[in-house]
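Read the structure below first, then the notes.
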Amino acid sequence: MLATAGGRAVFHLRPRPPWRAPPPPATTHLSHSAPARRADHHRLPLGFLSTMEVGISSVYLGQRAHSATCSYSLDDRLQGELDDMNGEQRKQETVGAFQKIPMVMPATDILMSAQRKSRNVPPTKGIANIAKRERNKGAKQLDALMKELSVPLRTYTENFPKRRDLHPYERSLIELTFGEGYYEQVLGRVDTLRKRITSVGKQHASVCAKSTTKREAEERLTEGRKKLEEAFQHGKHAVDDLVNVAKALRSMPVVDLHIPTLCLVGSPNVGKSSLVRILSSGKPEVCSYPFTTRGILMGHIVSNHERFQVTDTPGLLTRHDDDRNNIERLTLAVLSYLPIAVLYVHDLSEDCGTSVADQYITYKHIKDRFGDRLWLDVISKCDLLGKKEPISFHDADDVAQYRRLGPEGALRVSVQSEIGVKELKERVHELLTSQMARIKASKAEHETQEIRTSVVY
């Protein structure tokens with residue numbers, strides 16, 4: 001409404017009556033006469049999109065097109081939910097979140113730093129009354145101590161990645177390294193400690209601010225400082241646990257999803273680590289006992305001015321996936337979630353301690369499950385073949401054939417005698433070059449799909 005008062009124009013804004021319903025959330029607004037207006041933002045009910053299939057392709061909605069004469073807007077609630085889902089999928093396309101987590105100070109260092117900084121906080125200038133000045137100083141020092149203790153804890157809980165935002169490979173690493181739920185439990189305990197510190201600090205700062213004498217203010221400052229330190233000491237183990245979690249996560253190998261990766265797989269002690277040493281810059285431990293490799297070890301191959309990745313994985317025993325330990329499950333995580341080419345290693349001499357029959361069973365299981373990957377079979381320790389009697393004597397026909405020849409097209413190699421090493425490097429280069437072509441084709445297909453989806457919407 002426009003009115004005049006004293007020659008001046010006065011605008012009276014009339015609020016919308018509370019009983020008037022808001023405009024419908026789902027709008028398709030076309031206007032050729034009025035300026036474009038932004039629709040109200042509403043979100044779908046919590047969990048609405050959680051019922052959708054997780055693996056569906058990303059949907060990219062086109063941006064609103066605005067002009068002086070035309071405006072088009074989609075349902076803002078659905079747009080918001082889809083943006084959240086797309087953001088999560090985009091995060092999952094890359095790895096490396098563990099290298100971005102903040103440095104965590106030990107609990108003792110946090111407490112000592114907070115004590116030192118808070119004691120140096122002066123009272124507000126200009127307060128002449130001694131009692132007022134003392135209670136002002138006490139309240140400010142308690143508030144400073146509270147903040148110096150709680151702010152780092154808040155930084156940790158906010159900057160450590162949420163597991164739902166991680167790449168599936170990194171999510172599996174967290175679960176297999178710490179156990180189901182431990183990561184979230186530690187972060188939850190740190191946040192609980194932060195809330196406790198904040199509550200105690202505010203309470204005692206308020207009490208100190210109400211002191212009537214200098215002596216009372218000093219006593220309440222001492223008591224408040226003691227209570228804050230006790231509260232922190234009571235929960236400091238959560239901070240120390242987070243220190244260990246951070247160290248473990250940052251030490252995990254970084255895998256670049258855009259660089260071809262060769263993954264060595266096989267039973268324990270078949271010679272995977274020895275092959276990694278001759279193929280790449282990785283220097284894993286080489287010993288003659290099972291499960292030497294207890295984690296994912298990364299190296300790099302430089303061939304014809306191209307850089308590739310190679311990873312050594314823990315050995316797989318002959319048993320059902322549900323019965324595998326976390327060391328073996330690391331191998332399955334790499335096979336399941338990373339774009340890799342497989343170099344499967346066989347030891348037909350049985351020098352590894354695993355019978356040919358058991359190796360065959362494990363090989364068939366992994367081959368049937370991950371056979372869509374680019375694949376190269378290698379028979380290691382070929383210089384030992386024929387020099388010792390095999391452990392097993394009664395084989396089925398398929399196992400007997402596997403014992404004599406190995407898988408079809410398998411390359412025979414001996415690191416000790418340098419047999420087949422040159423050919424292995426050539427075959428690996430060809431394999432990784434093909435993997436590079438696959439990665440580029442997949443990336444181009446994904447970008448094309450994004451463009452098509454944007455045009456449609």
Side-chain angles (χ1 to χ4, degrees), residues 262-276 278-279 286 288-293 310-325 327-329 331-332 334-336 340-428 430-431 434:
L262 181 70
C263 178
L264 280 79
V265 186
S267 299
N269 205 32
V270 294
K272 299 185 298 297
S273 297
S274 298
L275 294 177
V276 169
I278 66 170
L279 288 173
V286 179
S288 58
Y289 57 86
F291 289 115
T292 301
T293 303
V310 58
T311 176
D312 185 16
T313 61
L316 297 173
L317 297 177
T318 306
R319 52 188 171 189
H320 193 274
D321 286 348
D322 294 338
D323 299 325
R324 297 192 184 281
N325 56 36
I327 297 177
E328 294 175 276
R329 289 176 182 176
T331 300
L332 297 182
V334 173
L335 291 169
S336 299
I340 50 93
V342 176
L343 192 154
Y344 200 99
V345 184
H346 312 258
D347 180 9
L348 302 185
S349 71
E350 297 184 334
D351 182 65
C352 60
T354 303
S355 68
V356 169
D358 284 345
Q359 289 187 59
Y360 178 76
I361 294 172
T362 304
Y363 169 70
K364 289 294 293 181
H365 172 70
I366 298 300
K367 181 70 172 179
D368 291 343
R369 183 173 174 183
F370 302 104
D372 60 328
R373 305 301 179 94
L374 292 175
W375 197 284
L376 175 61
D377 288 301
V378 171
I379 299 174
S380 66
K381 309 177 186 178
C382 68
D383 55 332
L384 299 181
L385 297 179
K387 293 184 179 181
K388 55 189 285 188
E389 290 294 327
I391 298 174
S392 303
F393 296 94
H394 304 288
D395 296 330
D397 292 341
D398 50 355
V399 177
Q401 182 176 359
Y402 172 79
R403 179 187 298 279
R404 292 193 304 271
L405 304 174
E408 183 179 357
L411 179 64
R412 299 199 170 204
V413 175
S414 170
V415 175
Q416 190 72 22
S417 303
E418 298 185 356
I419 299 173
V421 172
K422 181 179 179 181
E423 184 180 357
L424 173 63
K425 292 181 178 180
E426 294 174 352
R427 294 280 296 275
V428 165
E430 294 173 0
L431 192 70
S434 300

Rounded to the nearest 0.5 angstrom, the OH-OG distance for Tyr360 and Ser355 is 13.0 Å
Main-chain N/O of Pro314 paired with Lys272 side-chain donor or acceptor, under 3.5 Å | no
Give a yes or no on whether the backbone of Ile419 and the side-chain of Ser417 come within a donor-acceptor separation of less than 3.5 Å.
-> no
Would you mind reporting whether Lys367 and Val342 have side-chain heavy atoms less than 4.5 Å apart?
-> no
Could you tell me whether the side chain of Glu328 and the main chain of Leu317 form a donor-acceptor pair under 3.5 Å?
-> yes
Find the distance between CD1 (Ile340) and CG (Leu431) and round it off to the nearest 0.5 Å.
-> 9.5 Å
Specify the closest pair of heavy atoms between Ser349 and Leu385, including all atoms of both residues, with the distance to one decimal.
-> N-CD2, 3.5 Å
Output, in order, the C-alpha distance, side-chain angles, deciding distance and verdict of side chain to side chain contact (heavy atoms under 4.5 Å, CB included) for Tyr402 and His346.
-> CA-CA 10 Å; Tyr402 172 79; His346 312 258; 2.7 Å; yes
Is there a donor-acceptor pair under 3.5 Å between the side chain of His320 and the backbone N or O of Asp322?
-> yes
State the CD1-CG distance between Ile379 and Leu348, to the nearest 0.5 angstrom.
-> 4.5 Å
Are Val428 and Val310 close enough, and set up right, to give a side chain to side chain contact (heavy atoms under 4.5 Å, CB included), and what steps lead you there?
-> CA-CA 10 Å; Val428 165; Val310 58; over 6 Å; no
Beyond-backbone contact of Ile366 with Leu332, side-chain heavy atoms, under 4.5 angstrom | yes
Can we say Lys364 and Asp398 salt-bridge, meaning some charged N sits less than 4.0 Å from an Asp/Glu carboxylate O?
-> no
Shortest non-hydrogen separation from Gln416 to Asp383 and the atoms involved = CB-OD2, 4.1 Å
Provide the closest heavy-atom pair for Ser267 versus Gln359 in the form atom of the first, atom of the second, distance.
-> OG-CG, 3.7 Å
Name the one of Lys381, Arg412, Arg403 that satisfies salt bridge (charged side-chain N to carboxylate O under 4.0 Å, His left out) with Asp347?
-> Lys381
From Arg427 atom CZ to Leu411 atom CG, the distance as rounded to the nearest 0.5 Å | 5.5 Å
How far apart are the C-alpha atoms of Arg319 and Asn325, what are their side-chain angles, what is the distance that settles it, and do they pass the side chain to side chain contact (heavy atoms under 4.5 Å, CB included) test?
-> CA-CA 10 Å; Arg319 52 188 171 189; Asn325 56 36; 3.3 Å; yes
Supply the atom-to-atom distance Leu262 CG to Leu279 CG, rounded to the nearest 0.5 angstrom.
-> 7.0 Å
Does a side-chain heavy-atom distance below 4.5 Å link Arg369 with Leu335?
-> no
Please answer whether the main-chain N or O of Leu264 pairs with a side-chain N or O of Thr313 as donor and acceptor at a distance below 3.5 Å.
-> yes
What's the spacing between His365 NE2 and Asp321 CG if we round to 0.5 Å?
-> 3.5 Å
Could you tell me whether Glu426 atom CD has more than 12 heavy atoms of other residues or ligands within 6.0 Å of it?
-> yes
For residues Ser414 and Val421, report the shortest heavy-atom separation together with the two atoms involved.
-> O-CG2, 4.0 Å
Can you name the closest pair of heavy atoms from Val399 and Ala357 and give their distance?
-> CG1-CA, 3.9 Å
For Arg324 and Leu316, run side chain to side chain contact (heavy atoms under 4.5 Å, CB included): C-alpha distance rounded to whole Å, both residues' side-chain angles, the deciding distance at 0.1 Å, then the answer.
-> CA-CA 8 Å; Arg324 297 192 184 281; Leu316 297 173; 4.0 Å; yes
Once the angle between the rings of Trp375 and Tyr363 is folded into 0 to 90°, is it parallel (under 30°), tilted (30 to 60°) or perpendicular (over 60°)?
-> perpendicular
Side chains of Thr311 and Cys263: does their closest heavy-atom pair fall under 4.5 Å?
-> yes
